[in-house]
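Bear in mind the structure is a predicted one, so any value in this text is a computation, not a measurement. As a basis for the values below, the full set of heavy atoms in this structure was taken, side chains included, without hydrogen atoms, waters or symmetry mates. A, B, ... follow the sequence lines: proteins, then strands. Residue 1 opens every chain.
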Amino acid sequence: MPTIPEKPALEGLEQKWTSRWQADRTYAFDRARPRDVVYAIDTPPPTVSGSLHVGHVFSYTHTDLIARFQRMRGRSVFYPMGWDDNGLPTERRVQNYYGVRCDPSLPFDPAFVPPAKPGKQAISISRPNFVALCAQLTTEDEKVFEHLWRHLGVSVDWSLTYATIGRRAQRISQLAFLRLLHAGQAYQLEAPTLWDVDFRTAVAQAELEDRELPGAYHRIAFAIANRESRIDGSGIGESGNRVFIDTTRPELIPACVALVAHPDDPRYQPLFGTNVLTPLFNVPVPVKAHPLADPEKGTGLAMICTFGDVTDVVWWRELGLPVRAIIQPNGALRPVTFGGAGWESTDAASAQAAYDQLAGLSAVKARAKVVELLKASGDMLGEPRPITHNVKFYEKGDRPLEIVTSRQWFIKTMEFRDALLGRGAELQWHPEYMRARFENWVNGLNGDWCVSRQRFFGVPFPVWYRVSPDGTADVAARLLPREDQLPMDPSTDVPDGFTADQRGVPGGFVGDPDVMDTWATSSLTPFIVCGWETDPELFAKTFPMHLRPQGHDIIRTWLFSTVLRSHLEEDALPWSNAAISGWVLDPDRKKMSKSKGNVVTPMALLEEHGSDAVRYWAAKGGPGVDTAFEPGQMKVGRRLAIKLLNASKFVLGKTEPVGPVTEAVDRGMLQRLAVVTADATRHLDGYDYSAALRDTEAFFWWFCDDYIELVKRRRAGDDAGAASANAAAQLALSVMLRLMAPYLPFTTEEVWSWWQSGSVHRSAWPVASEFDVASGDDRRDASLHASAVTAAIRQQRSTKNLGFGVPVRAALTLPVPYESTWRAIERDVLAGNNALDSTVTFSGEIVLAEIEPAPPAGA
RNA sequence: AGGCGCGUAGCUCAGCUGGUUAGAGCGCCUGCUUGACAUGCAGGAGGUCCGCGGUUCGAGUCCGCGCGUGCCUACCA
């Protein structure tokens, strides 16, 4: 006999079942099972120092739907969770939380304890102390995150957790790096690099974002050094001995190394090959021709600086120009001496006088100063013309990126572009069209991947250098650790053959000061979780993995870099499927974001509506589809869950007698459910969880509103008809609970526990053979006809204002095909509609009902 | 500027390979204590399927053009 609560409710189900699942290891991965039944998921490790938002709940639910479906289909689901604690967001949080800053020159202080409250002045601490604080804080954050995921019902195996800064991740990151280095696929190069002047670190192309910024065109005169080359045309000064450029960055005039125009631009033909003089500084610079110069833009003549933007880098490289760098890593203009090599000027004294007013200023302040100087010298035509333009920023940065020449580590990507496109074609995308995002990105790559960051809380490069007699690092003389020494930190570990006191001294060694880009570690999540190079047995069973779920915003970063690393190390795709979730949009159809102040705290949301209700909303947002944040949908989900409790209570409230399923309405119901099951299975196999939910949900409501209403009186008896109804209803309930288990894991588990042993989440996904008790004929029409006649009678009741409590007589006109089903459904239809009797004629094509109140009993 | 989505009821969305009078839920209106559920049930109103062309016996669905909207990429002179 089922044990059913008097008043079933959703409240408290999350607590009850999360602890039970944990105790029973319901979602534990069984590594003893063979590879062909494993289903491995590489789920995004959330940035643990960031805040969780509704988007996380949305997309992690999608992943969990697939995980639960695959588990019920008999797969051994490998579903680990990671924490992305590596990198800048954590550093920032630690700095603010404790009021500290990292100074790598300081020695480790084992006695350091952070202040209870951050002081006004940031305390400088050593790198090991700083990293320890990062680790401490992220551990706290991880607990909060894990609690939320458990509360949401994500069926992760929590014994498989990893952190991207953890020992395991560090070892694999360093090992993979050394392999790339040995293979010649990682290299170090001194090159112009995108640089954030606040974080003082290099950043990669993938981390850029454009922001619209107000700016202004300044029309600036360059003197034509050779007076013979007179030219005409627009943009050229009337006097003929000056040419004009438009620039938004006049402060870079001292860094100008050439002017450039399109080779076919008639206005500037005479200038090509000649020199002009920069204003204020009188530095001779050549006028070059290059097809990238746009005749339509500005005056058609551009100033090439080292370096104002990425186009400058292209011009500089392709035209073989010298470097005249003025922006320092901190963003300030560095001191320069005019007249010396590389800074030749026809008037060094006045150049120096001008520049001395700029040195030490930030770019923005220097700009204002240069404008002032240009106005005074008469080299600026008119006033600056305000424009808005897009400027490249580091996605986490506050000031526009500069381009600074520095020594950085790179991983080769450019030579693998075609191979990566091939991998993108090989990968199954859900939805299919997301592949275009990947191809778009790969086709647009303009350089190898810069992986070094001048930061602290990250995986160090496992490299030392010999120190030259002059005390500087000899970057050509690398000292590498053995693989069995990993993970290591070159700032504290000592290379073989050296002693600690040789650090930094001539003839000694020094560690590479940089850490890896977070994506250099995050791109290895399949390796970290599958035990690459550490657990060959596990690796063979889980890699390549089956599913990478993620948002479309990180296709260019996470997905791309993971495909690259897997291609380089294993010559394979890291996973066979990528399921891409959409955005969560606010009611104005804008992406939910903190800055808009429209972010809802996920935990509050789960507590308000219930986890199953929130999951329902998330599940309705199909793969890749941007979905509105809609509490209304969560209420619908909640109603569904409550309805499931109540309907289950009703079905299980009377389980006897049971017998063969003989009645047409029962058989038709089961036959329809068999179709629903097949459809839902097919949809989920294709990662279309929302379509599967739609089918299942629609059937469930029909089951409640029509089927149960039709058979509840027959079922109340104890004859063969009741036995048929009981058997059918219980089978249907079992199937529906399992079909809904991935979506409503708490509710379905609760009901399952009333009458079944074990977890519904470990039960078998319904299959066709379960419906054999109703096979052999096709009674689906009978069940549909019963519904149609019921609808017609209900409409009459409503029109004539006859409540259900009023017994009626019905005169029915039914379409001819009903002749074959009517006899089999008549009893249920009449009972289910409180109709005492009926007269029926078969004609026409639509169902017509006329009803009148039946005479009172005994009349 | 290119690429990719999207545009269907007041709102949020389904409508697969083209096939009767275009669907669901929410909201709205009108009723109903019917023995699981008023956290419920029944009924109803509500649509030029963005526009214009084309293919077809037939187009919400396929093709072209346009408009609107969102994202990705490019655009820093």
Side-chain angles (χ1 to χ4, degrees), chain A residues 4 7-10 210 213 215 217-218 220 245-249 252 256 259-261 292-294 297-305 308-312 315 387 389-392 400-401 431 433-441 443-444 446 552-553 555-556 582-583 585 587 589-591 617 620-622 624-633 635-636 638-654 682-683 688 690-691 694-695 697-698 701 704-705 708-709 712-713 716 790-791 793-799 801-806 832-834 845-846:
Chain A
I4 307 165
K7 194 87 179 163
L10 299 177
D210 283 350
L213 228 57
Y217 273 133
H218 305 72
I220 290 166
I245 59 122
D246 274 337
T247 181
T248 56
R249 302 201 60 184
L252 292 180
C256 176
L259 298 189
V260 66
L292 228 53
D294 181 358
K297 217 165 181 176
T299 63
L301 189 63
M303 168 172 84
I304 304 176
C305 307
D309 64 36
V310 289
T311 317
D312 279 345
W315 279 326
I387 54 161
H389 58 168
N390 285 320
V391 179
K392 286 195 196 311
L401 286 172
Y433 61 75
M434 287 294 177
R435 175 180 287 117
R437 299 286 180 95
F438 176 81
E439 289 171 348
N440 231 333
W441 174 252
N443 283 321
N446 57 26
H552 53 63
D553 51 329
I555 288 175
R556 68 174 181 175
W583 295 118
L585 305 175
R589 309 294 305 157
K590 298 286 177 216
K591 188 194 164 196
W617 159 75
K620 296 283 264 189
V625 179
D626 293 346
T627 300
F629 176 75
E630 238 194 318
Q633 280 303 306
K635 293 194 169 71
V636 174
R638 186 177 176 82
R639 283 184 35 199
L640 175 66
I642 292 170
K643 189 78 172 176
L644 183 57
L645 290 176
N646 284 312
S648 301
K649 180 186 170 195
F650 180 66
V651 170
L652 299 174
K654 180 175 185 299
R682 181 170 42 80
H683 288 312
D688 195 349
S690 53
R694 262 196 311 278
D695 289 353
E697 185 192 9
W701 285 107
C704 292
D705 295 342
I708 287 183
E709 293 303 325
K712 67 184 355 174
R713 282 150 202 90
T790 299
I793 295 173
R794 285 171 175 171
Q795 187 186 33
Q796 282 294 299
R797 281 192 182 277
S798 193
T799 309
N801 205 10
L802 296 170
F804 186 86
V806 181
N833 286 285
N834 197 14
E845 295 188 342
I846 56 170

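- Atom CD1 of A/Ile555 and atom CH2 of A/Trp441 lie 12.0 Å apart (nearest 0.5 Å).
- Panel note: side chain A/Trp617, backbone A/Ala628; a donor-acceptor pair is recorded below 3.5 Å.
- The P atoms of B/G25 and B/U21 are separated by 22 Å, rounded to the nearest whole Å.
- Atom CG of A/Leu802 is separated from atom CD1 of A/Ile793 by 12.0 Å, given to the nearest 0.5 angstrom.
- Among the nucleotides B/A36, B/U73, B/G35, the one closest to any side-chain atom of A/Trp441 is B/U73.
- The two residues A/Ala647 and A/Cys704 come nearest to each other via the heavy atoms CB-SG, 3.8 Å.
- Minimum interatomic distance between A/Met303 and A/Cys256 (heavy atoms only, all atoms of both residues): CG-SG, 3.6 Å.
- Taken to the nearest 0.5 Å, the CG atom of A/Leu213 stands 5.5 Å off from the NE2 atom of A/His389.
- The partner of B/C13, taking Watson-Crick or G-U wobble pairs whose two distances both stay under 3.5 Å, is B/G23.
- Nucleotides B/C62 and B/G19 have their P atoms positioned 11 Å apart, rounded to a whole Å.
- A close approach under 4.0 Å does occur between a side-chain nitrogen or oxygen of A/Gln795 and OP1 or OP2 of B/G44.
- In terms of modelled atom types and a separation under 3.5 Å, the side chain of A/Arg797 and the main chain of A/Asn833 share a donor-acceptor contact.
- Ranked by how close their nearest RNA chain B nucleotide is to the 5' end, A/Ser648 and A/Arg797 are led by A/Ser648.
- When the P atom is used for both B/C65 and B/C28, the distance is 44 Å, rounded to whole Å.
- Look at CD on A/Gln796: it is 13 Å from C1' on B/A42, rounded to the nearest Å.
- Nucleic acid contact for A/Ile708: base, since at least one base atom lies under 4.0 Å from a heavy atom of the residue.
- Proximity of a side-chain donor or acceptor of A/Ser648 to a complementary backbone N or O of A/Leu644 within less than 3.5 Å is detected.
- Nucleotides B/G31 and B/A36 place their C1' atoms 22 Å apart, quoted to the nearest Å.
- Across the interface with RNA chain B, nearest-nucleotide mapping of A/His552 and A/Gly300 shows A/His552 to be the residue nearer the 5′ end.
- The gap from the C1' atom of B/G58 to that of B/C72 amounts to 38 Å, rounded to the nearest Å.
- The same atom, C1', is picked in B/C16 and in B/C26; the two are 26 Å apart, to the nearest Å.
- Under a 4.0 Å N-O distance rule, the pair A/Lys620/A/Glu697 qualifies as a salt bridge.
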What are the atom names and distances for every N/O pair under 3.5 Å that joins the protein to nucleotides 2-8 of chain B?
none

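- B/A74 atom C1' lies 13 Å from atom CG of A/Asn443, rounded to whole Å.
- Checking B/U39, B/U73, B/A36 against every side-chain atom of A/Ile642, the shortest atom distance belongs to B/U39.
- Distance from the side chain of A/Asn390 is smallest to B/C75 among B/C75, B/A36, B/A38.
- Within the nucleic acid shown, A/Cys305 has no heavy atom closer than 4.0 Å to any nucleic acid atom.
- Out of B/A36, B/G43, B/C75, the shortest distance to the side chain of A/Ala791 is found at B/G43.
- Look at the P atom in both B/G40 and B/G35: the space between them is 15 Å, to the nearest Å.
- Comparing B/G43, B/A36, B/C76 against the side chain of A/Asn646 picks out B/A36 as the nearest.
- Note that CG of A/Leu645 and CG of A/Leu640 are 10.0 Å apart. Values are rounded to the nearest 0.5 Å.
- Base pairing of B/C6: its partner is B/G68, meeting the Watson-Crick or G-U wobble criterion (both donor-acceptor distances under 3.5 Å).
- Summarising the geometry, the separation between CG on A/Asp210 and P on B/A1 is reported as 17 Å, rounded to the nearest angstrom.
- One finds no side-chain N or O of A/Lys635 lying less than 4.0 angstrom from the OP1 or OP2 phosphate oxygen of B/U39.
- Taking the P atom of each, B/C29 and B/A45 are spaced 16 Å apart, rounded to whole Å.
- Residue A/Arg556 places at least one side-chain N or O under 4.0 Å from the OP1 or OP2 atom of B/U73.
- A side-chain donor-acceptor contact under 3.5 Å links A/Ser690 and A/Asp688.
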Write out a two-atom table: protein N or O, nucleotide N or O from nucleotides 29-33 of chain B, distance below 3.5 Å.
residue: B/G31; atom: O2'; partner: A/Asn801; partner atom: OD1; Å: 2.9

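- If you check B/G46 for Watson-Crick or wobble pairing at under 3.5 angstrom, you find it has no partner at all.
- Using a 4.0 Å heavy-atom distance criterion, A/Trp701 is classed as a sugar-phosphate-only contact.
- OP1 or OP2 of B/C75 sits under 4.0 Å from a side-chain N or O of A/Lys392.
- Pairing partner, B/C41: B/G31, with both Watson-Crick or wobble hydrogen-bond distances short of 3.5 Å.
- Summarising the geometry of A/Gly582 relative to A/Asp626, their closest heavy-atom pair is CA-OD1, 3.4 Å, with the distance given to 0.1 Å.
- Partner assigned to B/G18 is none, using Watson-Crick or G-U wobble distances below 3.5 angstrom.
- Between the side chain of A/Arg556 and the main chain of A/His552, no donor-acceptor pair closer than 3.5 Å is present.
- Atom NE2 in A/His218 sits about 17 Å away from atom P in B/C76, given to the nearest Å.
- The side chain of A/Ala628 approaches B/C13 more closely than any other nucleotide in the set B/A36, B/C13, B/C76.
- Taken to the nearest 0.5 Å, the CZ atom of A/Arg249 stands 8.5 Å off from the CG atom of A/Asp309.
- Among the heavy atoms of the strands, none lies under 4.0 Å from A/Ala9.
- Applying the 4.0 Å criterion to OP1 and OP2 of B/U39, one finds that A/Lys643 has every side-chain N and O outside that range.
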List, with names and distances, any nitrogen or oxygen atoms from the protein found under 3.5 Å away from nitrogen or oxygen atoms belonging to nucleotides 23-27 of chain B.
residue: B/C26; atom: OP1; partner: A/Arg639; partner atom: NH1; Å: 2.4
residue: B/C26; atom: OP1; partner: A/Arg639; partner atom: NH2; Å: 3.3

